2 protein chains.
Amino acid sequence: MNLKELSEKLGLSQTTVSRALNGYPEVKEATRLRVMEAARQFNYSPNKRAMGLATGKSMTIGHVIPTSTQHEMVNPVFGDFVAGSLEVYSQRGYDMLFSAVPDEDEAQTYRNMQRKGSVDGLVLQGPQVNDARIGILRELGMPFVVHGRSSGVSDPYSWIDVNNKRSFQRATEFLLDLGHRRIALINGLESMDFAQRRRDGYLVALHERGIATDPELMRSSEMTEVYGHHETRDMLQLDDPPTAILASSLISAIGVRRAIDEAGLVMGRDVSVITHDDELSYLKNGQDVPIFTATRSSVRDAGRHCAAMLIDQINNPTDDAKFELLEAELVVGRSTGPAPQG
Amino acid sequence: MNLKELSEKLGLSQTTVSRALNGYPEVKEATRLRVMEAARQFNYSPNKRAMGLATGKSMTIGHVIPTSTQHEMVNPVFGDFVAGSLEVYSQRGYDMLFSAVPDEDEAQTYRNMQRKGSVDGLVLQGPQVNDARIGILRELGMPFVVHGRSSGVSDPYSWIDVNNKRSFQRATEFLLDLGHRRIALINGLESMDFAQRRRDGYLVALHERGIATDPELMRSSEMTEVYGHHETRDMLQLDDPPTAILASSLISAIGVRRAIDEAGLVMGRDVSVITHDDELSYLKNGQDVPIFTATRSSVRDAGRHCAAMLIDQINNPTDDAKFELLEAELVVGRSTGPAPQG
DNA sequence: AGCGCCATCCAAAGCGCTTTGAATAATGCG
DNA sequence: CGCATTATTCAAAGCGCTTTGGATGGCGCT
């Protein structure tokens, strides 16, 4: 059933039916009711493509899946972020379109997306330091919001991010207060913006207390369980091993714990661990008492905010770039304790 | 730049340009080359919506995200499955569209999707026992492939699944061979089809060896880390605790291990653990030596196969329903050992 | 009665593409 | 050389919707 058929059935013009359905005022209320009823009865719903062609809007938002082709790794955060965004999208009548972007011609892909008219806006995930994509998108004039920020990009753009620097600074201070002096950082890939900010926070905290930094204690890679395990095992074998570890994600923290266990040590007593916790739905940080002391910030919530922000921007294209900085909460769990007397 | 502009620039009709670009034979080769070159130069790419309107195809495949609204949980497998599908989609020129389906009017949502013409086919994830969605989709005549199966649905439909029954039967036999008699099953939600099949395999194995089953040792819920931990802790406190545990996913297995550790026991010695391993990119089961003994089957690979299958079906709508049963591999790691002498 | 003004409704154009049905140019053959 | 073919190209219709620019008729008012 399409508009034409429906309007014929009603003995009205397509114009009137269309207007009745879309809430325009130039339709008698009685007529509108009649139309709505018929639409329901005949199970009519407009063809999105045709609608898009006519209006120039697609009511679709594009997400570009950050498939770091290097390691073929999907960010574990992905699912929950998407779920959060989707809540908002579906509520506001938007669909969500995915594309995998081959690293090579990313710019081209964006251009195509726009020209093809398949999306009204884009969400950029996993921004790197000095991320070139932001410039491209700005140039194209396509509304977009970045999940995260990109140091080095001076042009304004909309973003939503966790205060990574502050949260890792605080976490480090917390460990320092507990008497730890050998504090390791198991960070994400250094090319990722969030990793840099976390490192900054970590370094600032150490610096303010006059603690020398040790390159041996700063590791960075993709945040898998195996990686957390590997680096921890390695560091625990140092002459002067760390008494505390800052991990970039719960996933890698689990690897950290495994390595601690294997070394015959006890987490929270021999080695303290703090991790960032994105509150993934399938990997909660314990139930009542947190397993890990953690900097906590819901990525699902970030997805919601990001979606809302983007839709706003689509509806008010002339507005200035907006941003939102979410503060992570420091929750104290069982993985931290006073530094062992050495 | 659109078709009209491009054709004017070339001094050709839209028809010819369109045909040249789409590889139709009734165009002089020289002309085709000229057109292609101009298209490249002016950075032309066709508007997808218009194309869709004209052809009736959207070159888009819909995924319905299984947001079990009950617990707001996103399946951890989601990201990798999507990544796998996306590889194939983008290679074959398809986009991927997401919708969250509010549990209530699922049927309605599917109908809309079809009528709106937003997708050419659908992937159904997380099928339950006797899943009503399959009937709806069949009725609508929209091509679809189920990731998993649904016991109780007698009409034919296309699916791709892991041989869950067999793999859990084998895993159970493996434990029996090691001398275990108290074997627990920490399963997914019983309403999910895969959980039932795994339980079946588990029960058959026990039955064939004449081992009585104990309801106390069979747990089922959503497969989170916390859940694995909780159930294990609970079971280890039984008068006659299990000496081996079969876990439904690596995530919950990690919780199992945590509970074992906390109880002061050693995994692989005091309690053996086997888990199913989907080979998630961010959560590999160890590097060289597997951490857990596991039934292994790549969900990313399943995503690829599923996508290919669906596209085939879209292109050959009259073909019979197809299916593919993937066998999981049993890899032996460090989490299993002979049953302790009690 | 005659006028302007709304309130309603409609015909038709247009969004950017594909495709049908024809026209035109080029070619082959007797 | 003339005609039937075949190779190229084109004009126009159509996909299903929105939206512009009128129509139409009823109303209050002078």
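Labels below follow one simple rule: chain letters A, B, ... track the order of the sequence lines, proteins then strands, and each chain is numbered from 1. These numbers were taken from a predicted model, which means no experiment stands behind them.
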query: Would you call A:V88 and A:I311 a side-chain contact if the rule is heavy atoms closer than 4.5 Å?
result: yes
field: Value in whole Å for how far the P atom of C:dT8 lies from CG of A:L10
entry: 17 Å
field: CG/B:D155: more than 12 non-hydrogen atoms of other groups inside 6.0 Å
entry: yes
message: Please determine whether the number of non-hydrogen atoms from other residues, nucleotides or ligands lying under 6.0 Å from atom OH of B:Y44 exceeds 12.
response: yes
query: Does any residue of residues 15-37 of chain A have a heavy atom under 4.0 Å from DNA chain D, and if so, which ones, in number order?
result: A:T15, A:S18, A:R19, A:N22, A:Y24
field: Residue pair B:R34, B:E37: steps toward the salt bridge (Lys or Arg N to Asp or Glu O under 4.0 Å) verdict
entry: CA-CA 5 Å; B:R34 200 159 63 91; B:E37 172 53 25; over 6 Å; no
message: Classify the ring geometry of A:Y157 against A:F144: parallel below 30°, tilted from 30° to 60°, perpendicular beyond 60°.
response: parallel
- prompt: What orientation do A:F98 and B:F98 show, parallel under 30°, tilted 30 to 60°, or perpendicular over 60°?
  reply: perpendicular
- line: At a 4.0 Å cut-off to heavy atoms of chain A, the contacted part of DNA chain D spans D:dG16 to D:dG21
- prompt: Quick one: on DNA chain C, does A:L53 or B:T55 contact a more 5' nucleotide (nearest heavy atom)?
  reply: A:L53
message: Taking the basic N atoms (NZ, or NE/NH1/NH2) and the acidic carboxylate oxygens, is any pair closer than 4.0 Å for B:D95 and B:K48?
response: yes
message: Using a strict threshold of under 4.0 Å (side-chain N to carboxylate O), is an ion pair present between B:R149 and B:D131?
response: no
Check: protein-nucleotides 23-27 of chain C nitrogen or oxygen pairs below 3.5 Å:
none

message: Working to the nearest 0.5 angstrom, can you tell me the gap between A:S150 OG and A:F194 CZ?
response: 13.0 Å
field: Pair B:Q313, B:S158: side-chain N/O donor-acceptor within cut-off below 3.5 Å
entry: yes
